[in-house]
Every structure is written in C-alpha cells, then in structure tokens.
There are 2 protein chains.
Amino acid sequence: MASAPTRVRLSDVAAAAEVSVATASKALNGTGRMTDETRDRVRQAAEALGFRPNAMARALSSQRSLTVGLITNDSYGRFTLPVMSGLSAALVDEGISVLMCNVEDDPDSARRHLDTMLDKQVDGLVVTGRRIDTALPLDLSGVTIPVVYAFTKGPDDAVTLTADDAQGAGLATEWLGSLGRGRLAHVTGPEEFAAARLRAGAFAAVAGPGAPVLHGDWSEAWGHEAVARLWAAGDGPDGIFCGSDQIARGVVDALRERGVDVPGQVSVVGFDNWQIVAAATRPPLTTVDMGLNGIGREAGRLVRALVEGEAVAPGVRRLPCRLVVRGSCGGTPPA
Amino acid sequence: MASAPTRVRLSDVAAAAEVSVATASKALNGTGRMTDETRDRVRQAAEALGFRPNAMARALSSQRSLTVGLITNDSYGRFTLPVMSGLSAALVDEGISVLMCNVEDDPDSARRHLDTMLDKQVDGLVVTGRRIDTALPLDLSGVTIPVVYAFTKGPDDAVTLTADDAQGAGLATEWLGSLGRGRLAHVTGPEEFAAARLRAGAFAAVAGPGAPVLHGDWSEAWGHEAVARLWAAGDGPDGIFCGSDQIARGVVDALRERGVDVPGQVSVVGFDNWQIVAAATRPPLTTVDMGLNGIGREAGRLVRALVEGEAVAPGVRRLPCRLVVRGSCGGTPPA
DNA sequence: CGCCTATGAGAAACCGATTTCCCAGCAAGA
DNA sequence: TCTTGCTGGGAAATCGGTTTCTCATAGGCG
C-alpha cells in the first residue's frame, strides 16, 4: 500500500459515508441528531480511513488548543521531569499535549518563551520550579488562562500544589521512633527554605522540642560537618532524620568513617528518594518520596478542571509523601 | 486600563491602519507590494495594539504549526532536560515551541503520545533517550515529517546526533598523560554499551594496549570493586579514567578508604559532568562534559533545516566533548 | 384527510490568518 | 488622445474543522 500523500480529512470521511461534512463532524463528536445507522456508518468510514482530526483546525474553531504549557526553571530536571511526565500522562488520554520550556532565571528568555506559548493559544499553564518558596522570573499577571503552580511559589490566590513536607517529615520521624530510636536529631538545609522549616517543625513536633535541629546547606559536606558537631560532645543521637538525600548520604559516610555502624548503632532517614543518591549510599537510604509524578498528574487534573470552567478553590494543596524503606534504618516496611 | 477581553486580531490592526486584512498580513510579513508608508502604518498599528498573530490560524493556512515534538524515555531527566532546554532555546526565536513527552518503555503509551503530537501537526520530531545504542519503543516508519535522533539509536539512514565519546575519552586520557601520569587504567560500564566501547577504544589508543580496561556496571559500587582489583597485586595505576562520574566517585571513595591520596598519588577523571555527583566527590571530579545543551541546540538547528526542506546528510554527527577541570587530577585548566 | 410537530440531515457562516488573483489609477509611449 | 504597463491595494478563496440555522419529510393527531 502506498503511503498516503496527505492526511485523511473530515471531508474524505464524509464522502466515504455519503453524508455532508457537517453530519460527519456531528457523528464523530456525538453531537447533533441523526439515526444510529448514520452515526455508525460515519464512524466506520472514519475508522476504515484512519481518520485523525487536524487539531489545528479543531482548535481554531473551538477556541481550545488542547495544549497546556509547562514552564520550569529547574535546569537539572531533577524535580521537573517527573512532574512533566505525570502531567502529560494525565492529559494524553484527553488528547492534550504539553508544551514545555526551561526559562532558567532570565526574565527576558522567560518572556519570550511565555509569549510563544500564548501565541499557540495554550489552554492553561503549569509553572514548576526547584524550590517551593521562590517564584519564577515571570510576570503572569496579564495572563487570562488558568495557571497551576506546582512545587514553586505562586500568588496567594493561585492554585498551588506541593508535597506535604510536614507529613513526610512526620512519617520519617515516627518511623525512627517505631524502630526504638529515642535520641533523635534532624540535619537539614538552610532555614530560609520553607521546605526546611516545615520539615524541621514536623520533626520537632514528633521528636520533642529537645531534639537537636541543625540547619546548614543541602550538601553532602554539610552532612559530614553535622555529624562532627553531633558527636563533638560524646555520644551522638541514635536516629538522624535528614532534610535531603544528599545530606543523608554525607551523614552516613561520615558515620562510617567515624566507625559508627549504620543501621546497627544509628538509623538514618533521607528525604527526596532521589534514586541515584539513595541507592548509591552504603547502606541504601530509607527516605521520603515526594511523589513528584503524582503532583504532575494532579496538576494535570486541576488545570483541566480549570479549563473546563470548573471552580477550583485557590490555595496550597499538599500531597502526601510516602516512606521508602531501604537499609539505612534497619526494620522492614510495614505491611 | 481594562484587560482586553479578547486578543487583538489581524482585522483589528487592519482597521486601525485603515487597510484590508490582506494588506495588513502582507505588510507584517514583508510580502506583497505596497508603499513604505503603508507598511509602516500597519506595523505601527500592530505595535500600538500589541498584536500577536494567532499561531493556530497561521498554522492552519500555512501548514506549519511552528511546533516540534520531543520524545524521550529518560525518566530521570538527567540527559533529557539539558537537551530539551537547548532545543527550545534554539527554536524560541523562530517562534517554535516544543511539545514534550516521556514515553517510558511502553509502546502503547508511546503510540498515544506520538499520535496526539502528530494530530497537533508538529513540523518535526526529536527523539532522545538515555542510551545511544538502543532505540525507543516507537515505530516511526510511517511518519512523514523530519525526525532527528539525539542521544539514542535511530535507523541507519536517519539524522543522528550524539556526543563524541571517543574524542571525550581521548581528552581525558591525554589530560592524565599531560600531568605526568604514566600508568593508566580505565574503569567503565558494561561492554554491551556502545558508549563504553567507544570510550574504552579511545582510551586504549592513547594509553596504549597494555593499559588495563575494566568493564562493570555504571555504579559507584563497581568503582569500589574495580579499585580493589587494580590494587590486588601491589601498586595500582597512577591515573584512572572512569566511564562515568558515578564510577569515578566510587573509585575516589575507595582510594580514600584505602589511604591513597587523590590527586596526590592518583589522578582520577570522570565522564558526564553530572554536577551533583562531580561536585560532591571529595575532591570534586575533573570530568568530561558531553555538552548536552549543545546537542539540543544542534538538534533544533537540524530539525529546522529539515523542515525548511534543506538537505541534511543522514548519518551520525558526533559533537565534541569538553574537559571540566576540578580537583581530582591536580593541574589547572589549560588557558 | 389535512395540519402541526418532531426528526434527520445539509447549507453556510465562522475561527484568524495566508495567498492568489484581480482591478483601479496613473505615467509613459505612440 | 488612446493604448500599454506598472503599481498599490483589496476581494475572495483557502486551511479543516465546528456550529447554527434551515428545510424537507414523515408521523401523530383531530
């Protein structure tokens, strides 16, 4: 069979089914009135010809491009790619595609990317980043289409999605407790980060106000340094909850170098479930997974609802985290 | 100023400039014939009204959607996000946007994503992955638009882009030599990987056939294991080129645990310039950067050329790698 | 048996641009 | 003065669908 030189159009289907294009359109969209026989005939013709409607044409008249934009400034893709994957998975069955761009931190580039997206008549926008408490260099005030913020800061009256840092931290801390660890410490990132504050707050709520909380940066080096401080005056804690997998890795490495057995003497929990770090740590990290893919899916669901005109209450929605049990704590996952 | 309820259309511009839409269109596109005065008048009207053409409408009549699709199966985004970023940066100034999706390894999902992209009339496709010698679960044989493969396997007669593994490996090995390291070894990934074979081949070409090449997996654990093997019979090499930053990190850690000073006694070079690993290693890794962003840009350039109908010779294009000097080798970057 | 209504289907306008003619008007040449 | 030849600009078709009307027909009812 020769390859079709041009795509099958609705008029081809209409001709094959011996109806007008108007009827064909209505038949395939389930609108209008006609006998079941006619509708079936059109559907079969469409099927036989392998008809796929031209989304451009459809968009032009229906004023719906079936496209949403995803804007990120997370150049490493660590947070963004799972979100994007969930987003497009949630939307593909509605025929919706995702236009994506990375705007780094340059407002001009951001503006250009945004404008080309708006020219393409995207039905909605999802904005995502690498930090929940700072905004992208992007002025969305004039934008009239729905916007959902995921994992980044938006205006107060915006629809925002994020992981439930406090719940995740609670999960981790309780897990340490359930393993019989009674002297807990928390090693996390800079206090300026909302994520760090939320996690620290939840840690304190579970572990008690006496349990030490050490703020530093998000690096492995800080994990080393924190262990040095915790063990400076004799015995350290027997359970350490870390604000990120990188810190946790630094902590575990430092403990090993110090001759402290993990998980024999000390249990360590991380945060992020960043495979590449968590799996390479010896022993592999028990850690909190933020469910980024799920955040992407939910962002898709929400942006679609907004596009459909459904009312969505503004505010921050926190999606629950999940504990992933590996070797750094001892214990086995609860059934 | 009240927010515009509806976008400015070409007809609005035409009315403001007191010409027909046909003339307005020609004026703004630099086509047709008219006095400079008329053209300027239209341009000023467009400027004043903030006119931005509706890309849908333009696409419908010009048969160009100004959109390209990016398909990946790299769920972690480690390779893909830089490529996507370069791609969209290369195209945004032409008004071209990138439709992106992640198809994992599921042919059905791949098919659905591809179909919705084709329905959107993408002008071209860029396919990228996490491995240069395996193909995505995607049948592109019926696709009539241009396709560029980046960092993944395509058909033999396709336009394919990839990093120049051999050149990068040569760079690394020569760097070790230039630092006076004479007993070199190469620790890399599985021999099934073309990337591993290419790098190993280049290493052997520079270091000589006697220099040991150890294949394992791409993990830190393998780095440890390899060091154990290399030092099993007395003194090991004084320079180690690793096939990935993860392996290099394992090697460096193992050397430290063994009391071997890096870079004092042994120099280590990695491959990937994966910030998060390279920077966290103690000392930070000197490593080979594959220029993924540049691969993305070049993919953009090529796909655009193909869309414009320019002839592009099929075959594999290898883009040069770059050595990033940090602390794991000693030495300072060449001026 | 005739009028009224419900029903199935098509004609045509429309979405917002691009592009192909076509025409009016003016200057130059006969 | 009358043609010829450009020129600037506009009318209208087109891209491929959606949607609103309109209309012919058939059946129900009095």
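A note on names: the letters A, B, ... follow the listed sequences, proteins ahead of strands, and every chain is numbered from 1.
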query: Between CZ of B/R52 and CD of A/Q121, what distance do you get to the nearest 0.5 Å?
result: 11.0 Å
query: Which value, rounded to the nearest 0.5 Å, describes the distance between A/D12 atom CG and A/R9 atom CZ?
result: 4.5 Å
task: With rounding to the nearest 0.5 Å, note down the distance linking CG in B/L118 to CD1 in B/I145.
output: 5.5 Å
Name the pairs: protein N/O against N/O of nucleotides 14-16 of chain C, kept only if under 3.5 Å.
unit_1, atom_1, unit_2, atom_2, d
C/dC15, O2, A/S61, N, 3.3
C/dG16, N2, B/A57, O, 3.4

query: Over how many whole Å does the gap from A/N29 atom CG to D/dT20 atom C1' extend?
result: 15 Å
message: To the closest 0.5 Å, what do you measure between CG (B/N102) and NE2 (B/H113)?
response: 7.5 Å
query: So, are A/R130 and A/D105 salt-bridged, with charged N and O less than 4.0 Å apart?
result: yes
query: Does the side chain of A/T72 come under 3.5 Å of the side chain of A/D74 through a donor N or O and an acceptor N or O?
result: no
- request: Indicate yes or no: does B/R43 engage B/E47 in a salt bridge with an N to O separation below 4.0 Å.
  value: no
Kindly give the atom pairs (protein nitrogen or oxygen, nucleotide nitrogen or oxygen) under 3.5 Å for nucleotides 4-10 of chain D.
unit_1, atom_1, unit_2, atom_2, d
D/dG8, N7, B/R33, NH2, 3.3
D/dG9, OP1, B/T38, OG1, 2.6
D/dG9, OP2, B/T35, N, 2.9
D/dG9, OP2, B/T38, OG1, 3.0
D/dG10, OP2, B/S20, N, 3.1
D/dG10, OP2, B/S20, OG, 3.3
D/dG10, OP2, B/T23, OG1, 2.6
D/dG10, O6, B/K26, NZ, 2.7

task: Toss me the dot-bracket line for DNA chain C: Watson-Crick and G-U wobble, both under 3.5 Å, 5' to 3', using | for pairs to another strand and [ ] for crossers.
output: ||||||||||||||||||||||||||||||
message: I'd like to know if B/R304 pairs up with B/E94 as an ion pair, taking the criterion as any Lys NZ or Arg NE/NH1/NH2 lying under 4.0 Å from an Asp or Glu carboxylate oxygen.
response: yes
query: What's the spacing between B/L10 CG and B/F51 CZ if we round to 0.5 Å?
result: 4.5 Å
field: Nearest-0.5 Å distance that lies between atom CZ in A/F151 and atom CG in A/L161
entry: 11.0 Å
